[in-house]
Protein chains: 2
Amino acid sequence: MATTTAAQRREEARVAYDAFLRGCPTNQLLDRLSDKWVSLVVAALSDGPRRYSDLRRKIAGVSPKMLTQTLRALERDGILSRAVTPSVPVRVDYELTPLGRSLAGLLTAVKDWAEEHIEEVHAARERYEALEAQAAQAG
Amino acid sequence: MATTTAAQRREEARVAYDAFLRGCPTNQLLDRLSDKWVSLVVAALSDGPRRYSDLRRKIAGVSPKMLTQTLRALERDGILSRAVTPSVPVRVDYELTPLGRSLAGLLTAVKDWAEEHIEEVHAARERYEALEAQAAQAG
DNA sequence: CTGCATCCGACAGGATACTG
DNA sequence: CAGTATCCTGTCGGATGCAG
């Protein structure tokens with residue numbers, strides 16, 4: 001009964017930080033990153049600091065609510081920094097932290113992949129729908 | 001009136017495939033990828049084919065509904081393939097396509113980043129909350 | 001075993017209006 | 001300009017039951 005103990009312990013340790021486990025912190029972080037607005041905000045900031053309204057313009061279709069919410073969450077997690085200039089009117093700049101910049105590369109890679117392979121995906125989609133229609137007729 | 005035409009055309013072409021634009025196909029694809037279950041499924045398949053119930057076990061907390069839904073969407077988009085073996089009981093294997101494998105690298109990179117930097121994020125979170133409490137007291 | 005159909009609650013998130 | 005507050009709707013997604 002002791003033969004697998006060591007292996008089991010190792011397995012458990014490995015699994016402890018495995019993103020697949022529910023409620024695990026890494027999983028939560030992955031959740032946070034798997035957010036539409038997060039990708040877009042990080043990508044928008046990847047080539048330099050931007051002001052709030054600047055971001056709002058750049059990220060078409062984002063509501064002030066979601067933008068603020070996303071920015072706050074990312075600030076909280078140390079992905080970006082928020083700098084307020086108390087002029088009139090107020091001016092707020094957002095900028096990626098070093099941590100954020102290390103992430104930005106990965107996310108823009110995904111974004112670039114999407115732009116590169118969109119055609120392939122469309123082709124696959126049409127193929128799938130063609131087969132589906134065919135199956136419906138045969139059935 | 002013609003001085004900026006060429007530049008404008010270029011700009012429009014660039015913008016046409018910009019993931020920031022709403023309703024743009026690339027944006028839609030980015031949406032699809034920014035799904036919690038998508039990351040997990042792709043990651044789970046990144047080291048070989050798996051059966052349905054195998055995936056269900058590996059991805060803790062996924063309901064059959066969401067798993068099937070995610071698998072169908074990814075199959076439709078040509079990210080993975082579905083192979084039915086008409087035995088009794090039925091056996092279904094899922095496997096990444098070449099397209100899917102090219103994506104898997106990127107997504108697991110993000111997952112690895114999450115596992116690597118979770119501590120930093122936690123530290124940032126605590127720092128943020130400390131400042132927040134301080135501000136609340138000062139106010 | 002591998003799903004699909006249905007119901008239903010929770011909550012994400014858009015629109016709008018207002019404030020420092 | 002940079003948000004906050006409120007309302008309200010859609011839809012994501014869990015639970016359950018059933019079928020091939």
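Order of the sequence lines sets the chain letters (A, B, ...), proteins ahead of strands, with each chain counted from 1.
Backbone-only engagement by B/Arg82 is indicated by non-hydrogen atom pairs under 4.0 Å involving sugar-phosphate atoms exclusively.
If you check the side chains of A/His117 and A/Glu120, you find a donor sitting under 3.5 Å from an acceptor.
Side-chain proximity of B/Trp37 to the nucleotides D/dG14, D/dC7, C/dG3 is greatest for D/dG14. Comparing atom distances between the B/Met66 side chain and each of C/dG14, D/dG3, D/dG13 picks out D/dG13 as nearest. Side chain of A/Asp35, nearest nucleotide from C/dG3, C/dG13, D/dG13: C/dG13. The side chain of A/Ser53 lies closest to D/dC1 when the candidates are D/dG3, D/dC1, C/dC4. For B/Val90, counting side-chain heavy atoms from C-beta on, the closest listed nucleotide (C/dG3, D/dG20, D/dA2) is D/dG20. Side-chain proximity of A/Lys65 to D/dT4, C/dT6, C/dG13: nearest is C/dG13. Between D/dG13, C/dA15, D/dT4, one nucleotide has an atom nearer to the side chain of A/Thr68 than all others, and that is D/dT4. Nearest to the side chain of A/Arg51, among C/dT2, D/dG13, D/dA2, sits D/dA2.
Remark: of the listed residues A/Arg56, A/Lys58, A/Arg50, A/Arg50 is the sole one forming a salt bridge (Lys or Arg N to Asp or Glu O under 4.0 Å) with A/Asp54.
Residues A/Leu131 and B/Ile79 fall into different hydrophobic clusters, defined by Ile, Leu, Val, Met, Phe, Trp and Tyr side chains chained together at heavy-atom separations under 4.5 Å.
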